[in-house]
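Numbers here are sequence positions counted from 1.
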Amino acid sequence: MEGKVESLWEEVRELTLGTTVDRLQSPPTPLQFLRDFVSQNKPCIISNTIPHWPALSLWSTPSYLSTALSSSLVSLHLTPDGQADALVPHPSQSSLCFVSAHVQPTLFPQALDLIRRPPNHLVAYLQQQNDCFRTEYSELESDCDAHIPWASEALGCLPEAVNLWIGNHLSQTSFHKDHYENLYAVVSGEKHFLLLPPTDVHRMYIKEYPAARYSYSQENGEFRLEFEEPERYVPWSSVDPCPARASLKQESLKFPLYFNGPKPFEVTVKAGEVLYLPSMWFHHVRQSPGDGGCTIAVNYWYDMQFDIKYAYFNFLQSLPCQSIDDQTIPEGDCEDDSGPHASSNHLNSRFSGDESATNNVEIHKDRDNVQVHERTFVLDSSMFV
């Protein structure tokens, strides 16, 4: 079985994805976008989609943002090292746990200052998700488009959520996938993505880890881990694609399917560019600040279609991969579906799987309210001819 799965990784690239991510010099038509990228679950980078946004010139000036949001209380995410929604050593066991950031309501000017001038003991990141751009940052809405018109027409709906991301070079996002069609627009700085298609799921060494959250004390400037009660386990990729040079050999031995398999697609999205990240694609993200000392992006989450592609992915990830299950891997890495915390399919493809582990839970709990204005764009019948 493992040979067939590994052959699939190569064939998908040869027949559909190629060796690089397509770059479009102008926005596609809705039909082109739907036919060439959405239906093929294929990413692309689009230039000249947002040159009219006032944000491109205004947001690189910190004083503009601080003035516009001078009285706004925003959700600031704090970690000791820039790793949130990530795996860290368990404090009392020789294993790993999944940890989320400490979230602290903070006046925006103070939050921005912590991001631009990070102290030694913490890393601050504005990454609340949950449609935060239209709630916490509503004063900035006129600086961007409410949606991406050609994408909305192709997908037949308006975005379910629009999010703002403001961080620095210290913040990283570990490998994960989302159940959304994602249009990711960089406004300042650069975002560096590693991308793997859903067919490479077995290379992610997904395992369920106990969920915890950082708790930060302003009095002593220290972080501690607080585990969720009742106990909850989160399915997450065990792979760190950028290990320290000294540990690269060890990581390669622990996760051979990742390090010895097809290389992930590496893309850098610059200010003024938009990445289309298809649903279910695994992605790891780093960032480089722009002139204002921050990396700023706005992303649009469109609800994915739970169609034959979703069924195909569920079937694929339920297949046992002998070259994974037979590995002798240290504690904290891949295990098969016989473990005490495994889900009905051992890689846990539940709709709420990834989202329950991050900050998107409220979107699903209040899904109907978020989508009140969806489906106002109707596809022309000629698009299906």
Side-chain angles (χ1 to χ4, degrees), residues 41 43 77 79 81-88 96-101 103 125 127-130 132 160-161 163 165 167 171-184 191-214 228 232-243 251 255 257-258 264-267 269 275-287 297 299-304 310 313-314 316-317 332-334 341 343 345-364:
N41 201 238
H77 291 232
T79 62
D81 55 5
Q83 304 289 332
D85 292 346
L87 301 179
V88 301
L96 301 175
C97 61
F98 174 87
V99 63
S100 299
V103 182
Y125 195 11
Q127 56 148 10
Q128 178 63 15
Q129 303 171 53
N130 285 338
C132 68
E160 182 173 342
N163 304 304
W165 310 74
S171 292
Q172 295 189 27
T173 303
S174 60
F175 260 127
H176 69 288
K177 70 181 187 299
D178 298 308
H179 295 82
Y180 291 102
E181 305 291 351
N182 191 350
L183 275 295
Y184 202 99
K191 290 277 186 173
H192 312 289
F193 288 82
L194 296 177
L195 305 176
L196 282 172
T199 47
D200 286 30
V201 60
H202 293 98
R203 302 176 61 202
M204 292 288 92
Y205 292 86
I206 295 173
K207 175 185 173 180
E208 292 195 335
Y209 293 92
R213 184 175 297 275
Y214 281 120
E228 293 191 15
R232 183 171 68 92
Y233 282 75
V234 173
W236 208 254
S237 172
S238 305
V239 175
D240 176 3
C242 307
E251 293 296 298
F255 309 117
L257 293 180
Y258 176 82
F265 295 94
E266 297 187 41
V267 297
V269 187
L275 168 68
Y276 166 57
L277 180 59
S279 57
M280 310 293 284
W281 272 66
F282 294 95
H283 50 290
H284 176 280
V285 193
R286 297 178 295 109
Q287 51 196 359
N299 86 295
Y300 301 82
W301 269 335
Y302 290 83
D303 202 13
M304 67 174 283
Y310 180 69
F313 176 76
N314 280 348
L316 174 64
Q317 69 175 353
D333 303 312
C334 185
H341 307 295
S343 57
N345 59 27
H346 71 287
L347 294 176
N348 197 345
S349 65
R350 299 187 304 268
F351 175 79
S352 60
D354 286 345
E355 285 69 20
S356 65
T358 60
N359 299 305
N360 309 329
V361 175
E362 293 176 12
I363 291 177
H364 300 297

Would Trp236 and Tyr209 count as a close aromatic pair, with their ring centres under 6.0 Å? no
Enter the distance from Tyr214:OH to His77:NE2 here, rounded to the nearest 0.5 Å. 14.5 Å
Spatial distance of atom CH2 (Trp165) from atom NZ (Lys191) [nearest 0.5 Å]: 7.0 Å
Only residue of Asp200, Leu195, Leu196 satisfying side chain to side chain contact (heavy atoms under 4.5 Å, CB included) with Pro264 is Leu196
Consider side chain to side chain contact (heavy atoms under 4.5 Å, CB included). Of Asp178, Asn182, Asn41, Asp303, which one does Ser279 pass it with? Asn41
Looking at side-chain heavy atoms only, is the closest gap between [X] and [Y] below 4.5 Å?
{"X": "Phe282", "Y": "Val239", "result": "no"}
{"X": "Arg232", "Y": "Pro210", "result": "no"}
{"X": "Ser237", "Y": "Tyr205", "result": "no"}
{"X": "Leu194", "Y": "Cys242", "result": "yes"}
{"X": "His284", "Y": "Gln172", "result": "yes"}
{"X": "Arg203", "Y": "Phe255", "result": "no"}
{"X": "Glu251", "Y": "Tyr258", "result": "no"}
{"X": "Trp281", "Y": "Phe193", "result": "no"}

Decide side-chain contact (heavy atoms from CB on, under 4.5 Å) for Leu316 and His202; before the verdict, give the C-alpha distance in whole Å, the side-chain angles of both, and the deciding distance to 0.1 Å. CA-CA 9 Å; Leu316 174 64; His202 293 98; 4.3 Å; yes
Looking only at heavy atoms, which two atoms of [X] and [Y] are closest? And how far apart?
{"X": "Phe313", "Y": "Pro198", "value": "CE1-O, 3.1 Å"}
{"X": "Thr79", "Y": "Ala101", "value": "CG2-CB, 3.7 Å"}
{"X": "Ala297", "Y": "Tyr184", "value": "CB-CE2, 3.3 Å"}
{"X": "His283", "Y": "Lys177", "value": "CE1-CA, 4.1 Å"}

Tell me if a side-chain donor or acceptor on [X] pairs with a main-chain N or O of [Y] at a distance below 3.5 Å.
{"X": "Ser174", "Y": "Asp85", "value": "yes"}
{"X": "Arg213", "Y": "Ser100", "value": "no"}
{"X": "Arg286", "Y": "Ser171", "value": "no"}

Can you say whether the rings of Tyr180 and Trp301 are parallel (under 30°), tilted (30 to 60°) or perpendicular (over 60°)? parallel
